[in-house]
2 protein chains.
Amino acid sequence: MTTQPSQIQPTGIPEEINGLRMTRQRQEVYRFLMGEQSHPTANEVFIRIKEALPNVSLATVYNCLEALVQHKIVRQVNFDREPSRYCPNLDEHGHFHDETTGTIHDVKFKPGIKLTDLLDLPPNTVIKDIEITLRGQLA
Amino acid sequence: MTTQPSQIQPTGIPEEINGLRMTRQRQEVYRFLMGEQSHPTANEVFIRIKEALPNVSLATVYNCLEALVQHKIVRQVNFDREPSRYCPNLDEHGHFHDETTGTIHDVKFKPGIKLTDLLDLPPNTVIKDIEITLRGQLA
DNA sequence: GAACTTAATTAGAATAGTTCTTGATCTAAA
DNA sequence: TTTAGATCAAGAACTATTCTAATTAAGTTC
Ligand SMILES: [Mn+2]
Ligand SMILES: [Mn+2]
Ligand SMILES: [Zn+2]
Ligand SMILES: [Zn+2]
């Protein structure tokens with residue numbers, strides 16, 4: 001009895017997610033993001049996955065991140081004009097930027113809250129995406 | 001009987017707002033923004049106030065906008081990685097980005113809504129600023 | 001008001017995150 | 001195995017913004 005070819009790669013990530021073929025570079029980017037709550041930048045991803053893929057380029061990291069974002073595998077998060085950050089949390093959530101430490105924290109909504117119900121939107125508005133960003137201090 | 005020196009400038013803007021001396025350049029930037037709902041970019045402000053101040057520089061427009069924002073006279077609004085936009089509406093409000101037309105619209109909250117009450121924030125969190133951005137279509 | 005001091009403006013160079021270009025390499029299909 | 005398309009790597013290019021240095025304007029002191 002022979003074993004079937006596995007769908008799981010050396011990184012522990014399947015061959016394909018949401019219709020996106022998971023190349024080795026995409027696997028490494030995704031695997032790193034999945035283990036991070038810190039919302040790393042492209043450059044931070046680059047530095048980190050070079051450990052596993054010494055020849056990877058920053059352009060490829062950007063390409064991978066763009067592909068992952070477009071296929072809704074991770075999310076891109078922007079704070080003002082700072083470098084984009086990337087978030088593995090696909091649940092609806094906001095982002096709290098702690099000014100004291102510079103850290104970013106996910107913020108859940110209280111149960112049963114529908115953001116759009118609280119907004120004075122014109123009728124027939126189709127909302128495809130909501131983004132909530134908070135700035136402050138964790139006293 | 002002689003008239004007293006007026007505190008109002010040729011632009012109709014006072015000499016000082018929120019502790020910021022309103023130079024001619026700042027006046028023109030501010031006056032233009034006050035008459036706009038479109039959330040213009042720095043470059044759009046630049047193009048427009050050149051009509052009144054042909055020698056104004058883009059660097060000055062950026063300087064003016066930064067000063068106005070820091071003194072809470074106007075607000076800076078960012079959408080993803082697009083150029084910053086500027087908003088004269090100081091009331092608490094969000095921004096709806098209509099994907100079809102590319103236009104931006106202010107969105108009020110329904111009366112009596114406190115955003116922070118709806119979020120699952122850790123205790124002792126001091127929120128200094130909230131930003132809400134919506135993307136979608138005006139069907 | 002002249003001399004002095006500080007703030008603001010200008011033009012252009014510099015910066016930095018991101019995107020683009022091009023040629024090489026990999027993958028999947030035929 | 002050939003072919004076609006996708007992906008990758010390296011570096012150039014792009015662009016919104018910031019910085020630098022010189023000039024001008026405004027406010028202050030005599
Ligand atoms: Mn980071
Ligand atoms: Mn605009
Ligand atoms: Zn997040
Ligand atoms: Zn607004």
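Computed over heavy atoms, backbone and side chain alike; hydrogens, waters and symmetry mates excluded. What you see is a predicted model; the values in this text were computed from it and never measured. Sequence lines set the chain letters: A, B, ... in the order given, protein chains first and strands last, and positions in each chain run from 1.
Between A:Glu28 and A:Arg24 there is a salt bridge, since a side-chain N of the basic residue sits under 4.0 Å from a carboxylate O of the acidic one.
Judged purely by atom type and a 3.5 angstrom limit, B:His39 uses its side chain to pair as donor or acceptor with the backbone of B:Gln37.
Annotation: the span from B:Leu20 atom CG to B:Tyr30 atom OH amounts to 11.0 Å, rounded to 0.5 Å. The structure places CG of A:Leu68 at 5.5 Å from CE of A:Met22, a figure rounded to the nearest 0.5 Å. Atom-to-atom distance recorded for B:Leu115:CG and B:Ile130:CD1 is 4.5 Å, nearest 0.5 angstrom.
When every heavy atom of B:Ala42 is checked against every heavy atom of B:Val61, the shortest pair comes out as O-CG1, 3.5 Å.
Atom-to-atom, CD of A:Glu16 to P of D:dA6 comes out at 14 Å; the value is rounded to the nearest Å. Taking atom CD on B:Glu66 and atom C1' on D:dT17, their separation rounds to 10 Å, with Å as the unit. Distance, B:Phe46 CZ to D:dA16 C1': 14 Å, rounded to whole Å. Per the geometry, CD belonging to B:Gln70 stands 10 Å off P belonging to D:dT18, to the nearest Å.
The nucleotide range of DNA chain C contacted by chain A, defined by atoms under 4.0 angstrom from heavy atoms of the protein and reported 5' to 3', is C:dG17 to C:dA28.
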Requested in this report: Take B:His95 and B:His97 through the side-chain hydrogen bond (donor to acceptor under 3.5 Å, both in side chains) test and state the conclusion after the steps.
Outcome: CA-CA 6 Å; B:His95 290 104; B:His97 196 140; over 6 Å; no

Report task. Go through B:Gln25 and B:Thr60 one step at a time and tell me if the side-chain hydrogen bond (donor to acceptor under 3.5 Å, both in side chains) criterion holds. Result -> CA-CA 8 Å; B:Gln25 287 84 349; B:Thr60 295; 6.0 Å; no

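Within the 4.0 Å cut-off from OP1 or OP2 of D:dA16, not a single side-chain nitrogen or oxygen of B:Thr41 is found. The shortest distance between the side-chain N/O atoms of B:Arg81 and the OP1/OP2 oxygens of D:dA16 is not below 4.0 Å.
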With 3.5 Å as the limit, what N/O pairs link the protein to nucleotides 7-11 of chain D?
residue	atom	partner	partner atom	Å
D:dT7	OP1	A:Arg26	NH1	3.0
D:dT7	OP1	A:Arg26	NH2	3.2
D:dT7	O5'	A:Arg26	NH2	3.4
D:dC8	OP1	A:Thr23	OG1	2.5
D:dC8	OP1	A:Gln25	OE1	2.9
D:dC8	O3'	A:Gln25	NE2	3.3
D:dA9	OP1	A:Asn55	O	3.3
D:dA9	OP2	A:Ser57	N	3.4
D:dA9	OP2	A:Thr60	OG1	2.5

